[in-house]
Every structure is written in structure tokens, then in C-alpha cells.
Amino acid sequence: MNTICVVGASLAGLLTARALRAQGYRGRLVLVGDERHRPYDRPPLSKAFLRGDLAEADLALEGEGEELDAEWRLGVAAVTLDPRERRVELSDGTSVRADGVVIATGATARRLRGAGHLAGVHTLRTLDDARSLRADLDAGRRLVVIGGGFVGAEVAATARGLGLDVTLVESGPAPLARVVGGPMAEALAALHERRGVRLLSGTIVSSLTGADRVDGVRLADGTHLPADVVVVGIGAVPAIGWLRGSGLDLGDGVLCDEAGGTSAPGIVAVGDCAAWFDPVQGRHHRIEHWTGARQRASVAAATLLSGGTARAEARRPTYIWSDQFDVKIQFIGHAADADTVSVEEGDPAGHSFLAVYRQGEHPVAVLGVNQVRLFTRWRRQLETAPVQVG
């Protein structure tokens, strides 16, 4: 290959570019990113950066003096892809013709319908999002967070630490219930309530109120929650709109085989936009987490350089972490696969415990709350255990 174009200049794109070089690729390497920023770390945006503990320079993903010998096309978006020619058309009117293409365009925050015209309403996905939200939190007093996933829970914890009056509205039974299951989600919810976050679970938002700027959130039961700032954390959608009409197989992301290969030769996908096939689960699915991009980048690079003949690595369970208040939450596996869950160390009431999820006698997931050392041992065990089918 003489030219490889990596579309997406965030974590997955950068890691795949590094992997290409590490695996011996010495040709032309073009990285395209719709943001004007060099690659930066996103997890701190809802925590340390939002608190002001980290500067923008601290978020840099590139090492000091790192040189990929790459062409950077930043601040321009990919608008179309011709898979046959492997030509990427860009928003500035230029194009890149490549022998291989890496699709790493990530995902975009899902927005609340009808809220786009109001100032003070935020999603949190990018550095620019975080800058804008930080400025509003500095001036605000009352925050309503809509959605109790990781971003919503982290923003709620951060804002409460900054002294704001915080209400978190979640449509499900408890924040993070989709990830850790109901009983353990209740234990994590108690952490927020004891720190002064008002939790409204099983609650539906009907609309936002305000003229030019948001002044509150209207719930389905008619309750009005006053707000100076609103954060919408209701998930993300894969950034694949630019691929519509390309002929690539698309679903909830770019559909790939178990090694990142797409339906077109010479094109792979990785990161939040990529739905890799999982032979154990028998379906395609996306992993919207930092470790997913890290684990899959080298596989996607090998697939591209080998012409699709590289073997996929053994499947590893998904690992997720989150920092909320002074608590480190770590989770590995799939709670939905479990028949039972039991606390095997510590006490949920003290916000320091470890819970193991089992399918029959077989551990399928582990949750650690301020149990880093013990969780690490369990993580190693799950990552090296034979994969159980069904």
C-alpha cells in the first residue's frame, strides 16, 4: 500500500495510525479530523477538565516528540466515500485517494428533540462542548442532568462538587442500571443521593422551558424543575451519516467482521462508529469505551495490512471505569449475561465493595467500587478465562 487514509483523528484513529507504523507500514499516512484540535483524551472532559483541575494541554494524546510522519487534515470533515476507488471527499472540496481506508469517525451525542434553540443546554462529547459547559457551570446555580449513563452521572457528581444544586433525571430504574443491573445500580445511586444530588428515576422529560435561554425542565407528570443549565446525556449515535449511499453495510455503526473488516476490501472500521461481529453473542455490536478502541486498533491495522487475512485476537470482555466524587467505579463483562450477583467484599453502604456476577457457577462480570487491587485480580481472571458460549 502506498497511501492509507484514517478518517477520524481521535483516540481510535490515532491508535490505529500508531499500530500501522508499528506493524511496518512506511507509506503515506493521512489523518482526517472534523475537529480542529489534535487528538485529545475524552474521559477527563466530564471530570477533571470540567472541574478545572486539568488544562487543555494535559489532555493531549500524542507523546512529546511523537512523530507519525503523517499528513494531518484537521478541521475538515469527510462527506462521502467511494469504496471502489477508496476515495474520501472532504468538506473543503479536496479529496484523498487511498489504497486503504480506516473509518474511525466515532459517535455524536444524541440530542433532545426541540432543545436546539435554547442557550444553556449542553451535550458533552468534545473539547468545545466541555469548554462551553464549564463556562455555564461557573455562572450557574441549578443544574438538571437528563440521562443517567456514565456521562450524566459524572457531570452530576462534578457539578455537585462545584457547589451547584443538581437534579439527575433518569428514565430507567436507576442511573447505570443498563450497565451494572438494577441492584448494583441502586447502590451507586445511593452515593449520589448522600452527596446531595436529587435523583428522579423512572421519570420522563416532556420538554425544556425558556425563551432564548433554558429556565427549566418539564416532566411528563407536569412537574417543572427550575434550571440555569441543562446537560443532555441520553446516549450517542455512530457518526456514519457521511457513509449513507456508499454501499458499505451499515446498521448501528459500520458493520464489520470480527477483525474490523467491512463489506468493502481495503476498508476497516474501529472505535465508536464500528459494530464488530461477536461470534460468541452471534451479533454485531459497538463498544463505546476507551478500552474498546485501545484493544481493537492493532487488530484493525493488521486486517488492513494483511488484506483481510489476519486472524482476530481472542475476544476479551468489555472493561469500563468511571470516577464519581471520590469513588472509582470499575466494571468488566456483561451484567445481562448473569443469573445472580453477590457482594463478595466490602459494603455497598460504605461505597467500597466488590460484586461478582455469575451465570450458573461461572463468573461473567465484576463490579468494583473503590476496590482497585481486588478488582484487578478479578479482571485478569475474566480476561484469561475460556469464553463461555450461551
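We count residues from 1, following the sequence as given. It should be emphasised that the depicted structure is a prediction, and the values quoted were computed from it without experimental measurement.
The stretch residues 160-177 participates, sequence neighbours left out, in these salt bridge (Lys or Arg N to Asp or Glu O under 4.0 Å) pairs: E170-R178. For residues 214-243, every residue pair satisfying the salt bridge (Lys or Arg N to Asp or Glu O under 4.0 Å) rule, not counting sequence neighbours, is listed here: R142-D228.
Transitive grouping of hydrophobic side chains (ILVMFWY, heavy atoms separated by less than 4.5 Å) keeps F277 and L248 in distinct clusters. A continuous path of Ile, Leu, Val, Met, Phe, Trp and Tyr side chains, each step under 4.5 Å between heavy atoms, connects L112 with V230, placing both in one hydrophobic cluster. One hydrophobic cluster, built from ILVMFWY side chains closer than 4.5 Å, holds both F49 and V155. Residue L305 is grouped with residue L29 when hydrophobic side chains (ILVMFWY) are merged at heavy-atom distances under 4.5 angstrom, including chains of intermediate members. Taking hydrophobic clusters as Ile, Leu, Val, Met, Phe, Trp and Tyr residues chained together by side-chain heavy-atom distances below 4.5 Å, I287 does not share a cluster with V102.
The line from CD1 of I103 to CD1 of I267 is 5.5 Å long, rounded to the nearest 0.5 Å. Once rounded to the nearest 0.5 Å, the distance linking OG of S246 with CG of D82 reads 9.0 Å. Note that CD of E186 is 6.5 Å distant from OG of S201, once rounded to the nearest 0.5 Å. Rounding to the nearest 0.5 Å gives a distance of 11.0 Å between CZ of F150 and CG of D323. Summarising the geometry, atom CD belonging to E288 is positioned 10.5 Å from atom SG belonging to C273; distances are rounded to the nearest 0.5 Å. Note that the OG atom of S46 and the CD atom of Q324 stand 9.0 Å from one another [nearest 0.5 Å].
With hydrogens and angles ignored, the 3.5 Å screen pairs no side-chain donor or acceptor of D138 with any backbone N or O of A135. A donor-acceptor distance shorter than 3.5 angstrom exists from the side chain of T303 to the backbone of A259, with no hydrogens or angles considered. In this structure, the side chain of D339 engages the main chain of G360 through a donor-acceptor pair within 3.5 Å. With hydrogens and angles ignored, the 3.5 Å screen pairs no side-chain donor or acceptor of Y25 with any backbone N or O of A301. Checking side-chain atoms of R21 against main-chain N and O of D69 turns up a donor-acceptor pair under 3.5 Å. Within the 3.5 Å criterion, the main-chain N or O of A365 finds no donor-acceptor partner in the side chain of H334. Q23 places a side-chain N or O within donor-acceptor distance of the main-chain N or O of A302, the cut-off being under 3.5 Å.
Checked against a 6.0 Å centroid threshold, the rings of H192 and F325 count as neighbours.
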- [ ] Given side chain to side chain contact (heavy atoms under 4.5 Å, CB included), test M1 with L304 step by step and report yes or no.
- [x] CA-CA 10 Å; M1 289 187 176; L304 186 60; 3.9 Å; yes
TODO: Apply side chain to side chain contact (heavy atoms under 4.5 Å, CB included) to the pair T3 and R97, showing each step before the final yes or no.
DONE: CA-CA 8 Å; T3 300; R97 167 70 174 85; over 6 Å; no
- [ ] Determine, step by step, whether Q330 and V372 satisfy the side chain to side chain contact (heavy atoms under 4.5 Å, CB included) criterion, reporting the C-alpha distance in whole Å, the side-chain angles of both residues, the deciding distance to 0.1 Å, and the verdict.
- [x] CA-CA 8 Å; Q330 297 171 283; V372 175; 3.7 Å; yes
Task: Check against side chain to side chain contact (heavy atoms under 4.5 Å, CB included), W276 and V299 - done: CA-CA 11 Å; W276 287 28; V299 178; 3.9 Å; yes
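A salt bridge links E344 to R358: one of the charged nitrogens lies within less than 4.0 Å of a carboxylate oxygen. With respect to R42 and D129, no salt bridge is recorded, no charged nitrogen being found less than 4.0 Å from a carboxylate O. A salt bridge between R283 and D252 is absent, with no side-chain N of the basic residue lying under 4.0 Å from a carboxylate O of the acidic one.
Within 6.0 Å of CD on E361 lie no more than 12 heavy atoms contributed by other residues, nucleotides or ligands. For CZ of R213, the number of neighbouring non-hydrogen atoms (other residues, nucleotides, ligands) closer than 6.0 Å is greater than 12. With a 6.0 Å radius and a threshold of 12 heavy atoms from other residues, nucleotides or ligands, R194 has its CZ atom above the threshold. Environment of CZ in R380: sparse, with no more than 12 heavy atoms of neighbouring residues, nucleotides or ligands closer than 6.0 Å. Counting non-hydrogen atoms of other residues, nucleotides and ligands closer than 6.0 Å to CZ of R131 gives a total above 12.
Side-chain contact between R73 and T94: present, with at least one pair of heavy atoms (C-beta onward) separated by less than 4.5 Å. Between R38 and L14 the shortest side-chain heavy-atom distance does not fall below 4.5 Å. Side-chain contact between L200 and L225 is present, with heavy atoms from C-beta onward closer than 4.5 Å. Side-chain contact check for T123 versus T108: every heavy-atom pair is 4.5 Å or farther apart. You'll find the side chain of T105 stays beyond 4.5 Å of the side chain of V254, heavy atoms only. Between D272 and R125 the shortest side-chain heavy-atom distance falls below 4.5 Å. Within the 4.5 Å cutoff, the side chain of R87 has no heavy atoms near those of the C5 side chain. Using a 4.5 Å heavy-atom threshold, the side chains of E62 and P39 count as touching.
Across T209 and V217, no two heavy atoms sit closer than the pair OG1-N, 4.2 Å. The two residues S91 and V76 come nearest to each other via the heavy atoms OG-CA, 3.6 Å. Here the closest non-hydrogen pair linking L61 and D41 is CG-N, 3.6 Å. In terms of heavy-atom proximity, L164 sits nearest to L143 at CD2-CB, 4.0 Å. Taking all atoms of both residues into account, the shortest heavy-atom contact from L50 to A130 is CD1-O, 4.0 Å. Heavy-atom minimum distance, Y357 versus V366: CD1-N, 4.0 Å.
Between the side chains of E35 and Y40, at least one donor N or O sits under 3.5 Å from an acceptor N or O. Side chains of T318 and H289: a donor-acceptor N/O pair is absent below 3.5 angstrom, by distance only. Looking at H37 and D128, their side chains do bring a donor and an acceptor atom within 3.5 Å of each other.
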